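These numbers come from a predicted model, not from an experiment. Order of the sequence lines fixes the chain letters, A, B, ..., with proteins taken first and strands second; residue numbering starts at 1 for each chain. All values below come from the heavy atoms of this structure, side chains included, with hydrogens, waters and symmetry mates left out.
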Amino acid sequence: MARMRTSPWRKISVNLAELCLDTTLRCGQSFRWKKSEDDVWSCALHGRILSLRQDATHLHYRAKFPDSAYEPLTPSPEQKSTGKAFEEDDTEALVQHYLNLGPNLTDLYEQWSTADTNFKNKAPKFTGVRILRQDAWEALVGFICSSNNNIIRISQMMEKLCLHYGPFIGEVDSRRYYDMPAPSTLTAPGVEAHLRQLGFGYRAKYLHRTAVMISEEQESAWLNSLRNPESPVMGIKATDAGEMLPGGREGYRRAHEELLTLQGVGPKVADCICLMGLGWGEAVPVDTHVWQIAQRDYKFGRGKHSSLTKATYDAVGDKFRSLWGKEAGWAHSVLFTADLRAFAERLSKNIEVKEVKQEHTETVLTETQVKAEILTPVRLKREFGEEEFPPIAVKKIDARQIKRRRRT
DNA sequence: ACGAGACCTACAAA
DNA sequence: ATTTGTAGGTCTC
């Protein structure tokens with residue numbers, strides 16, 4: 001067992017409106033964070049295991065480094081006297097950078113609420129949802145895996161990928177942490193078959209082919225050239241990204257277009273990478289959830305935009321950019337999170353659940369019918385263990401369904 | 001342009 | 001105990 005060096009817990013003053021770790025790390029933008037019983041989130045990042053914990057007033061963080069990360073260097077006398085080794089120096093910077101703590105989220109929520117009553121109604125139960133600044137390559141891999149998939153399995157796939165191809169970083173709470181493998185690690189001919197064997201399905205080919213393409217362009221240099229220059233990687237100075245247009249800034253549009261050349265990357269995945277991996281705040285990924293939201297709350301789904309074609313996809317993005325502005329993708333993420341099954345409990349609190357008979361007619365659902373369908377007890381039921389069943393919903397559920405649950 | 005199918009798999013629900 | 005539906009889409013006709 002390699003010797004590791006663990007830094008003491010340190011803290012940054014952050015309130016829950018600026019960052020809600022529990023929501024942000026579970027809402028499907030990152031797939032590698034693991035939570036332990038004591039509400040500590042951990043992930044292998046930048047050659048260390050970064051651990052995060054939050055209370056009402058502070059974000060607490062610490063890093064655990066493998067031996068090899070510091071052994072070749074000698075701590076300075078000052079570092080020795082303060083007990084602060086050199087490698088911790090950039091951990092706060094890493095936390096600030098990764099969690100994207102720069103923008104004032106409280107102000108942004110205020111701005112979006114003023115512009116949009118629907119946002120104003122939905123957002124209060126989903127405060128502190130912040131877009132992370134993930135590594136572009138990690139975002140690319142994660143979102144290629146996301147197609148026709150769910151968050152649980154995407155996370156399992158990322159875990160397997162790191163376990164089999166990534167570097168071992170260390171152990172925390174008897175869990176082993178592996179970092180993301182570099183693109184060149186996935187370029188060997190046998191990788192596709194192996195990934196299939198590991199359960200990646202048809203995405204195995206996409207990952208292999210994408211890894212080859214990225215690798216040919218000097219690892220991730222090409223990918224990082226597509227970044228928003230106002231949101232550079234650590235250590236690079238920010239420069240202006242140009243003026244905002246209805247379809248997004250020039251650089252965003254170019255990044256999106258270029259990403260489409262990769263296998264397994266369509267418009268939605270490209271937008272996820274733009275938003276979460278490349279720092280383009282105006283990118284609005286339109287997936288099934290967002291399409292439902294656009295139909296239910298923003299009058300899409302009829303006439304010209306009755307189905308989610310390429311033209312409709314762009315129109316939805318344009319609509320949200322005109323409504324929410326330059327950080328439309330951030331606002332989109334709040335509503336997206338509100339729509340996730342994993343967070344359904346927050347919606348059920350003050351909601352009257354109505355019985356709805358599911359009629360499968362050809363007619364388009366009215367707005368009220370669509371709403372009611374989403375709040376049907378059958379759908380809510382999946383979200384809760386029996387003990388935390390919302391009283392209102394449980395009253396409406398057929399007793400037979402509960403019996404059946406117990407048997408298995 | 002637009003619409004239909006096929007595509008891997010794990011996991012819950014019936 | 002099996003079968004079916006589904007989950008933050010993309011590619012190919």
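Across C/dG8, B/dA10, C/dT10, the shortest atom-to-atom separation from the side chain of A/Arg153 is found for B/dA10. Of all nucleotides listed (C/dG8, B/dC7, B/dC2), C/dG8 comes nearest to the side chain of A/Met276.
Under 4.0 angstrom from either OP1 or OP2 of B/dC11 there lies at least one side-chain N or O belonging to A/Gln156. Between C/dA7 and A/Thr288, no contact under 4.0 Å exists linking OP1 or OP2 to a side-chain N or O.
At a threshold of 4.0 angstrom between heavy atoms, the contacts of A/Pro285 include nucleobase atoms, whether or not backbone atoms are also involved. Using a 4.0 Å heavy-atom criterion, one finds that A/Cys27 contacts the bases of the nucleic acid, with or without backbone contacts as well.
Near-neighbour residues of DNA chain B inside residues 203-216 of chain A, defined by a heavy atom below 4.0 Å, number-ordered: A/Arg203. Across residues 307-329 of chain A, not one residue has a non-hydrogen atom less than 4.0 Å from an atom of DNA chain C.
Taking a pair as Watson-Crick or G-U with both hydrogen-bonding distances under 3.5 Å, the stems of three or more pairs touching DNA chain C are B:3-7 with C:9-13, B:9-14 with C:2-7.
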Tabulate below the donor-acceptor pairs under 3.5 Å that side-chain atoms of residues 330-338 of chain A make, not counting sequence neighbours, or state none.
| residue | atom | partner | partner atom | Å |
| --- | --- | --- | --- | --- |
| A/His332 | ND1 | A/Gly329 | O | 3.0 |
| A/His332 | NE2 | A/Pro285 | O | 3.1 |
| A/Thr337 | OG1 | A/Ser333 | O | 2.7 |

Hey, can you pull the donor-acceptor pairs under 3.5 Å for the side chains in residues 262-276 of chain A, sequence neighbours left out?
| residue | atom | partner | partner atom | Å |
| --- | --- | --- | --- | --- |
| A/Asp271 | OD1 | A/Tyr252 | OH | 2.5 |
| A/Asp271 | OD2 | A/Tyr313 | OH | 2.6 |

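In this pair, A/Trp324 and A/Phe320 present their aromatic rings parallel. The plane angle is below 30°, not in the 30 to 60° band.
The side chain to side chain donor-acceptor pair (under 3.5 Å) search around A/Thr106 returns A/Glu18, not counting sequence neighbours.
Mapping A/Gln263 and A/Val286 onto DNA chain C by nearest heavy atom places A/Val286 closer to the 5' end of the strand.
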